[in-house]
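All ligand and atom numbering here is 1-based and tracks the order in the structure.
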Amino acid sequence: MLIGIAEYNSGKGQHSQSVSLTIPGPARPSKHQRPRSFSVNGTSKLSERETAGSTKDASPFTVGRLFTLTTWLLEQEKREVIDSEVAIVISSIALACKQIASLVNRAGISNLTGLAGAANQSGEDQKKLDVVANDVFANCLRSTGRIGTLASEEEDVPVSVEGSYSGDYIVVFDPLDGSSNIDAGISVGSIFGVYDPSEECRVDELDDAEEVLNKCVLNVCKAGSELLVAGYCLYSSSTVLVLTVGDGVVGFTFDALVGEFILSHPDIKVPDKGKIYAFNEGNYGRWEQGVKDYIDSLKDESKWGGTPYSARYIGSLVGDFHRTLLYGGIYGYPADTKNKTGKLRLLYECAPMSYLAEQAGGLGSTGTQRVLDLVPEKIHQRVPLFCGSKSEVEYLESFFK
Ligand SMILES: O=P(O)(O)OC[C@H]1O[C@](O)(COP(=O)(O)O)[C@@H](O)[C@@H]1O
């Protein structure tokens, strides 16, 4: 039992109140001792509205029960949605995100803004936090002893992790997405995906360095449809970890008071429609005609009951995608005369976000293909991405036909 004073914004204004916090202990207390629900002032329980989507009776994530990421993972294990190995990998990713959140928060006062003075394999200048976040992710994952291959957007090639003693999962990640926003303190994020290793790509001690590398590359070049887990962590006004283990999409908000990710979005479903589009229209002149016609049509209010679509663009995929997932709408980064294949990476950005979109009832498309069906030909392959509300993505695709 933890006692303390908490400043807590439950969306109905600021509260300060002495708190009694009951976190379910490992041993299941007998029935009459069962912990009562978490409450600050009786209003921070998961309200009706927040659990509206979830099938109240079936889902344990109903009103009155507190779930941290840890207890949610235990519940998934109990329901055999995931096994304990995957739970450990997800916990290590959450730990990395907590560390990166505090680094991002304090970047301006800990000399972590600005360039690192090096470029990544795509020739993009790396930010200091790109490099630090990459190390934080890799170290947290290595420490689980359950990772076989790590593939980062910031690294030239995937690396084989020595000494993993059980389970050698593949983790692909973009340690800090939207890093062009860092120095201005605007939303950024981390993106990740977890795959099962392919039998034929298991590294064994007889392999020489080249064989190891080839196997690692082959191992990570998998279609997004094979993802076991996908997610992102948004570092913004709040730090929100959103993920899927193939059974819908959930969101956890980081509570720095208790140092835990608290279940805040038990069942995210992207609205089927949404009149918000997130495109960098500065590239309009470089887009193919179909994309131009699509964007022009969104601005033609006569088509939309007298109100045109609204443009919102943060310039950080995680920020724009998170808003799209909650409010509906569409995020798009088309190919253009400069980025002939698009800008975003299939493995580290497009596939994980498309898996989340589909698990939330939306879509992830290149305009002509389902992103999750694409098998990367190169580990840093780029593709166009259009994702969000099902009807909005389908409407866009109609301009490619
Ligand atoms: O500045 P642009 O060309 O609009 O690109 C912004 C897009 O590029 C990204 O920053 C991805 O690039 P990074 O992973 O290198 O940050 C996305 O987060 C964002 O949506």
Side-chain angles (χ1 to χ4, degrees), residues 97 100 103-104 107 112-116 118-134 136-137 151-156 172-193 230-236 240 242 276-287 291 295 311-325 329-354 356-357 364-367 371 376 378-388:
C97 294
I100 295 169
L103 290 164
V104 166
L112 279 175
T113 51
L115 294 175
N120 62 20
Q121 79 297 318
S122 312
E124 292 154 339
D125 291 331
Q126 288 179 310
K127 296 275 184 171
K128 286 182 188 164
L129 266 172
D130 281 326
V131 178
V132 173
N134 189 50
V136 167
F137 243 90
S152 166
E153 184 193 277
E154 295 302 332
E155 301 278 359
D156 299 0
V172 299
F173 59 98
D174 178 355
L176 204 61
D177 173 74
S179 48
S180 59
N181 280 333
I182 280 283
D183 298 359
I186 295 170
S187 314
V188 289
S190 301
I191 307 173
F192 56 88
Y232 60 81
C233 191
L234 171 70
Y235 310 115
S236 184
V240 185
V242 172
I276 301 175
Y277 67 102
F279 285 61
N280 180 350
E281 284 197 69
N283 297 330
Y284 182 92
R286 295 175 173 172
W287 290 338
V291 180
I295 292 290
R312 294 278 183 282
Y313 191 68
I314 300 170
S316 138
L317 168 60
V318 171
D320 284 312
F321 182 82
H322 186 65
R323 185 200 55 249
T324 303
L325 212 53
I330 184 168
Y331 166 93
Y333 207 105
D336 59 40
T337 48
K338 178 171 165 275
N339 299 307
K340 296 214 171 10
T341 58
K343 175 186 180 181
L344 303 178
R345 273 72 170 207
L346 172 57
L347 206 51
Y348 315 101
E349 295 164 321
C350 305
M353 291 312 211
S354 297
L356 285 160
S365 168
T366 64
V371 168
K378 293 181 291 173
I379 50 170
H380 291 289
Q381 179 180 345
R382 302 166 190 261
V383 293
L385 177 66
F386 305 98
C387 56

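Residue S316 places a heavy atom under 4.0 Å from ligand 1. At a 4.0 Å cut-off, at least one heavy atom of Y313 sits close enough to ligand 1 to count as contact.
If you look at V318 next to ligand 1, there are no close heavy atoms at all, none under 4.0 Å. Residue contacts with ligand 1, taken as heavy atom pairs separated by less than 4.0 Å, involve L317 via backbone and side-chain atoms alike. Contact annotation: for D320 versus ligand 1, there are no heavy atoms closer than 4.0 Å.
For atom 14 (O) of ligand 1, the closest non-hydrogen atom of the protein is E349 OE2, 2.9 Å. If you check which protein heavy atom lies closest to atom 3 (O) of ligand 1, you get Y333 OH, 2.6 Å. The nearest protein atom to atom 15 (O) of ligand 1, hydrogens excluded, is given as E153 OE2, 3.7 Å; this is a heavy-atom distance. In this structure, atom 16 (O) of ligand 1 lies nearest to the protein heavy atom G178 N, 2.8 Å. With respect to atom 5 (O) of ligand 1, the closest heavy atom belonging to the protein is K343 NZ, 2.8 Å. Considering only non-hydrogen protein atoms, atom 20 (O) of ligand 1 sits nearest to Y331 OH, 2.8 Å.
Shown here for A230 and L356, the closest heavy-atom pair between the two residues is O-CD2, 3.7 Å. Across all their heavy atoms, Q381 and P376 have their closest contact at OE1-CA, 3.2 Å. Minimum heavy-atom separation, G332 to F386: CA-CD2, 3.8 Å. The two residues L176 and A133 have their closest heavy-atom pair at CB-CB, 4.2 Å.
Interface atoms of ligand 1 facing L344, defined by a heavy-atom separation under 4.0 Å, are 11 (C). Counting atoms of ligand 1 from 1 in the listed order, those under 4.0 Å from a heavy atom of S179 are 16 (O). Short contacts between ligand 1 and N280, defined as distances under 4.0 Å to a heavy atom of the residue, involve ligand atoms 2 (P), 3 (O), 4 (O).
Inter-residue side-chain proximity for F321 and V242 is flagged as unmet; no heavy-atom pair is nearer than 4.5 Å.
Between Y313 and Y331, the two ring planes are parallel [angle under 30°; tilted spans 30° to 60°]. Using cut-offs of 30° and 60° for the angle between ring planes, the F279 and W287 rings count as perpendicular.
Without hydrogens or angle criteria, Y348 side chain to H380 main chain gives no donor-acceptor distance under 3.5 Å. The backbone N or O of I314 sits less than 3.5 Å from a side-chain atom of N181, completing a donor-acceptor pair.
Ligand 1 has no N or O atom lying under 3.5 Å from any N or O atom of N283, backbone or side chain.
For the 3.5 Å distance criterion, the side chains of D130 and S179 qualify, holding a donor opposite an acceptor.
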